Amino acid sequence: MRAYITRRLLLLIPTLLIVTIIVFCAVRFVPGSVIELMAAQIGEAENMEEAIQSIKHGLGLDVPIYVQYGRWLGGILTGNLGKSLWTGRSIGEEMLNRLPVSIELGILALITALLIALPIGIISAIRQDTATDYIGRSIAIFCISVPAFWLATLVVVYPSVWFGWTPAIQYIPILKDPVGNLKQFIIPAVLMGMVMSGTTMRMTRTMMLEVLRQDYIRTAWAKGLKEGVVISRHALKNALIPVVTIVGMQLPILVGGAVIIETIFGLPGIGRYFVDALFQRDYPVISAINLVIATFVMLCNLAVDVTYAYLDPRVQYT
Amino acid sequence: MAQIELAPTFREERARSFWADLLIRLVREKPLGTVGGAIVLLLLLVGILANVLAPFGYNETYVGPRLAAPSPEHLLGCDQLGRDLLSRIIYGARVSTIVGLSVAGISVLISTFIGIICGYIGGKLDIIAQRFVDAWMCIPGLFLILTIMAVTGPGMVPVIVVLGIAYGIGQSRIVRSAVMGIKANTYLEAARAVGCSTGRILWKHVLPNVTAPIIVLFTITVGGAILTEATISFLGLGLPPPTPSWGGMLSEAGRRYMLMAPHLAVWPGLFLAIVVYGINMLGDAMRDLLDPRLRGGLGRYDVARKKLPK
Amino acid sequence: MTRRTFVVCLLILGLIAGLLSSSCAGGVKETVTVEKEKPAYGGILTIAAAADPPAFDDAVQPHYVTGTLKLTNDELWTGDWTKGIAGGHGTKECDWFTGGGLNRLEHKAGALAESWEIQGKDTIIFHLRKGVKWHNKPPTNGRELTAEDVVFSLKRQCTVPTAYFKRTYPKAAETTEITAPDPYTVVVKCKPEYFGDVITLIPDYMCIFPKDAVEQFGNMNDWKNSIGTGPFMLTEFVPGSVISYVRNPAYWEKNPIGPGKGDQLPYLDGIKTLIIPDESTADAAFRTGQLDILTCDWERAQQFLRMPQLKHVRYLDDYGQACIYMRTDKKDSPFADKRVRQAMWLAIDNKRILDEYYGGEGVLLKWPIMYFKEYAGAYVPLEQMPKAVQELFEYHPDKAKQLLTEAGYPNGFKAKIICYNQRAYMDPLQMVQDMLSKVGIQLEIEPKDYATFTSLIVRRAYDDMLFAFYSGIGTYFKAINYTGPGMYNGSYVDDPVLNRARDQMLAAYPDEAAVDKIHREMLPYILEQAYVLALPASYNYRFWWPWVKNYSGEASVGYYNVLNYTKYIWIDQELKKSMQSK
């Protein structure tokens, strides 16, 4: 196992290289480059060609692309994530400010999702085809049937009209005011958690149902074990493998994909940072976030694979 | 001489066709699934017959006053361009069906293909392929959509292709994990011992046993694709106007006019919720009915539970 | 009943009547409040911004994106507050409502320059105000501003490669000399042909920074280093979240007009700008009183027009307004023929678009300039235009068909139009597409995402038609919307009549009355040529809570001096407390 983990960690490096090269090049060839976006701001220029050249040079984009990549890579290896092309601010510093927001939102959302999904999934499986099953599943499915942005807008707009209240607009850092911070994050986190819970709930239920049909469960019944013991000690562990996969798959979404919730609730997280950079073609920011998220995704996948082996002794890694 | 009473044997049932059997069991055993099935059927019918059912075209502007509330001529009201909302929702059924089914179809094809091959064969192929899967999953979906959209221009095909591929590769890991779960089973060893080719093993023995998660994935993806399209249209990357996608209507007009014309937010959202709900319920029921491991058996959990002393 | 009961019943009836009538109150009437109270100091103004400011140094990014600089730094000139509404006491020659592009010389007041002389078309002499102190931060530590700082800042804008002036007008930047004969005088000399550029882009455009700070930090783009002479000091910037300012206690300006004349400015203790990218969230925040002022378009305004306790103004803004451009330079294309262009315009029912799509909330005439009170001299209302021009704004599809046949396109033609992929632009374009198809012109709309769209405009690389923006009122005398090789001349117009008019306007400038006359005479001609098909422009609204005093809806007093109105307004904190507790 140790050899496997070491091998996977080593394989991380070439994969990261490939991913970053692909994104680095792709973003520079997409129509609508940052140079032209900046040139549009000086639309009155007498000599647009000259202005464009000056912008290009100022941004360091007039050297060949492999030189640009080399410079970027060199910076990364010395721990420098680069500077934004638009604001000139250090990306590393900005990420340090924004990551806690996204991570906090993600963790709270994940907890909510699991709190909703696991009990409902397990109970639905145990009490299959009863009223409890139907009601539980219906609730879970309705949770994912409505787009998150719509629910979020409802939560922001209608209370402001009926009660004269809106969720806190300005981000409250957790160190400054923990209670205020939690109050601010609760609503967005619950919304995100609701949306994520649907998939997890159904996978849990599916896997529990399958596991409960297995022979060893029948043996456990035959032995006369109580229901609680049968479920927790024998069924759960095996049912949870694909569930772990699903949760692992959803972790990166938490960090990079919460852009809509962040936009509507005004939370300065990584999601918004990334989308803004995409629209403005802020190449260093896109590459830096891409690198961070890629590393995170692959570490998550590795963790999920290792957890398989722990949960299911039949799974062997050579 | 006493008659030997024959022990009651099971009645020989007339063999029913697979689909008829499925349908009957669906209606008899799974009420939620039947409701879901009815919803899906309705959706398909509405989508196909949209031209006939819709009272107006989906892009006929100003057939009614701007943001008109529901009235006898316009049962669901009108949107900000005076287009009849009912017609747009009917055509939206068609759009949602196309998007949902296409994306789910593409994604299931890709995920099954990758998942089964990697999961079963394992070894070096698995390691290399998984690195590609990892690499792909590291590229943020929004980046992909933005890039491709910038090159091809906004449209339905880029959205479907990107979503399909993204979902497919991501879900291949789930299929792979399911395959890995059954890899050690003895029937596979037996098939190998008998001399089955790998292809035949994959098709006849592995695939049916991982059908359950695949069906669930398909139904999750249909609903998920429709919702993801709604989400990316919030960022301006979805189906371009005037395509009447429910998600697009929700994200644009539905949010902007939430206070002034709530019908624009309520109706698309309601239909979206109902359809996604129906698709998922049907999928659940299908999976329950089709999974070989969930059929019959004396040791069935719910049967055994019912026999527990209270 | 007893007398007391009777009185109580009356009061209750009166209360009910009052509530009923206030809820039935239709639109809020736009009245100008004449301020009578003496302003009070204190309070924090909370406003919203849609995005982070990308820069804090106008030599690194164009000045109109550096949203904080107008509060922390001064320029040589600013707009004249007293020529606006100024709490009801001003001369009302200006509104100062629109977002920024108002640059008329006659409306300028001195900021860092107390007085000035313009000599011919090559010299401007500024006499600096004495006793203006920099913010009390290292390395300036509250010292006095001198001409050395001014010269350094202005020269910087002419030499630093990223500076707007250098990039946009490199020849003007090279040939402009800026010197300081004594510590309170700055002399700007330039070539006569660049005089228009210099006078519009130096005095009320370039922010003044302290020389020692810039030399120490390299540039002023790090917000923590922000030093200026402005009314507020930048204290906090959390990207994506909030920008905070506090009052500069040593600010030089005194209230020039009204009940608070002579008071030390600013009145506010501080300003907080919340960064709210989502419109609905901003609306909700304003509705609950968490924001004091909100700017929005006419559709979002409808919900606030039903709230009688708010005040508002309605105004026009030329930012983000789109027109249909055509390649009039391609000799074999239909667009080179004036009859075709006029036919297209006649086939578009502008009034219907205005009434149906914009709910009647807008104006028909917006290109090449729309109506601003500040530029009323250059504007000709539609009613005063010749019949031929007025007809274009009406709907005459038969005449359109006839003109098309005359021009050789009896069955119309096909054309592609590139558009920004957003509902606000796609929707009216679809109405146009509908209308044009009735005369046989098939428009194929090609939506593009913002970056691709922008790059096409910058590269001027479209084939047939383009639905894009134009340059605002401030540059009206340079005629860049319909002459020259610049990006804003979207229709590739090269008309000798218009080129001559432009040269005349440039020659006449800075005599703005003469420029206005030339512009007025030219307007009917350019509209009749139909080089650009402009769709109606919709109104914008600005709402504010009544506790914001001395405020009449201003946005920018001067040329892109966004937010500088905040130094003249004050907050009635008791009123705010009582209204918010309800």
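Everything quoted here is computed from the prediction, not taken from an experiment. Naming: A, B, ... by sequence-line order, numbering from 1 per chain.
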Salt bridge (Lys or Arg N to Asp or Glu O under 4.0 Å) partners for Arg281(A), two or more places apart | Asp449(C)
Tell me, side chain or backbone of Leu12(A) under 4.5 Å from chain B's heavy atoms, or both, or neither?
-> neither
Determine yes or no for a side-chain-to-main-chain donor-acceptor pair under 3.5 angstrom, with Tyr277(B) supplying the side chain and Ile139(A) the backbone.
-> no
Taking only residues two or more places apart in sequence or in another chain, which ones pass side-chain hydrogen bond (donor to acceptor under 3.5 Å, both in side chains) with Thr153(A)?
-> Arg255(B)
Given that the side chain runs from C-beta out, which part of Ile128(B) has a heavy atom under 4.5 Å from chain A: side chain, backbone, both or neither?
-> neither
Rounded to the nearest 0.5 Å, how far apart are CZ of Arg8(A) and CD of Gln130(B)?
-> 7.5 Å
So which of Leu144(B), Leu146(B), Thr147(B) has the biggest tally of heavy-atom pairs under 4.5 Å with chain A?
-> Leu146(B)
Ser251(B) versus chain A, the contacting section by heavy-atom distance below 4.5 Å = both
Specify which of Gly223(B), Gly254(B), Gly247(B), Ala265(B) makes the most heavy-atom pairs with chain A at under 4.5 Å.
-> Ala265(B)
What part of Thr20(A) is in contact with chain B, defined as an atom under 4.5 angstrom from a non-hydrogen atom: side chain, backbone, both or neither?
-> neither
If you measure from CG on Asn280(B) to CZ on Arg137(A), what distance do you get to the nearest 0.5 Å?
-> 10.0 Å
Indicate the atoms forming the closest heavy-atom contact of Tyr134(A) with Leu32(B), along with that distance.
-> CD2-CD1, 3.3 Å
Cut-off 4.5 Å, heavy atoms of chain B, and the answer for Ile18(A) is neither
Going by heavy atoms in the side chains, are Leu259(B) and Tyr158(A) under 4.5 Å from each other?
-> yes
For Arg173(B) and Val304(A), run side chain to side chain contact (heavy atoms under 4.5 Å, CB included): C-alpha distance rounded to whole Å, both residues' side-chain angles, the deciding distance at 0.1 Å, then the answer.
-> CA-CA 10 Å; Arg173(B) 286 182 63 89; Val304(A) 163; 4.2 Å; yes
What option among Ala222(A), Gly32(A), Pro147(A), Pro14(A) has the most heavy-atom pairs under 4.5 Å with chain B?
-> Pro147(A)
Under 4.5 Å to a heavy atom of chain B? For Ile264(A) that would be side chain
Top contributor to chain A contacts, counting heavy-atom pairs under 4.5 Å, from Leu250(B), Val151(B), Leu272(B), Val275(B) = Leu250(B)
Which is it for Thr231(B) and Ile260(A) under the side chain to side chain contact (heavy atoms under 4.5 Å, CB included) test, yes or no, and what are the steps along the way?
-> CA-CA 8 Å; Thr231(B) 306; Ile260(A) 293 188; 3.0 Å; yes
Taking all atoms of both residues into account, what is the closest heavy-atom pair of Ala273(B) and Val146(A), and its distance?
-> CB-CG2, 3.9 Å
d(Ile139(B) CD1, Ile22(A) CD1) to nearest 0.5 Å is 4.5 Å
Nearest-0.5 Å distance, CD1 of residue Ile279(B) to CD1 of residue Ile141(A) | 11.0 Å
Looking only at heavy atoms, the pair that brings Phe143(B) and Ala26(A) closest together is CZ-CB, 3.9 Å
Minimal heavy-atom distance between Leu142(B) and Val275(A), with the atoms involved, is CD1-CG2, 3.5 Å
Using non-hydrogen atoms and a 4.5 Å limit, figure out which bit of Leu227(B) sits close to chain A: side chain, backbone, both or neither.
-> side chain
Rounded to the nearest 0.5 Å, what's the gap from CD1 on Ile226(B) to OG on Ser145(A)? Could you check?
-> 10.0 Å
Over 12 foreign heavy atoms within 6.0 Å of CH2, Trp267(B) = no
dist Leu16(A):CG -> Cys138(B):SG (nearest 0.5 Å) comes out at 6.5 Å
Identify which part of Leu235(B) has an atom lying under 4.5 Å from any heavy atom of chain A, answering side chain, backbone, both or neither.
-> both
Counting only heavy atoms closer than 4.5 Å, note whether Val161(A) contacts chain B via side chain, backbone, both or neither.
-> side chain
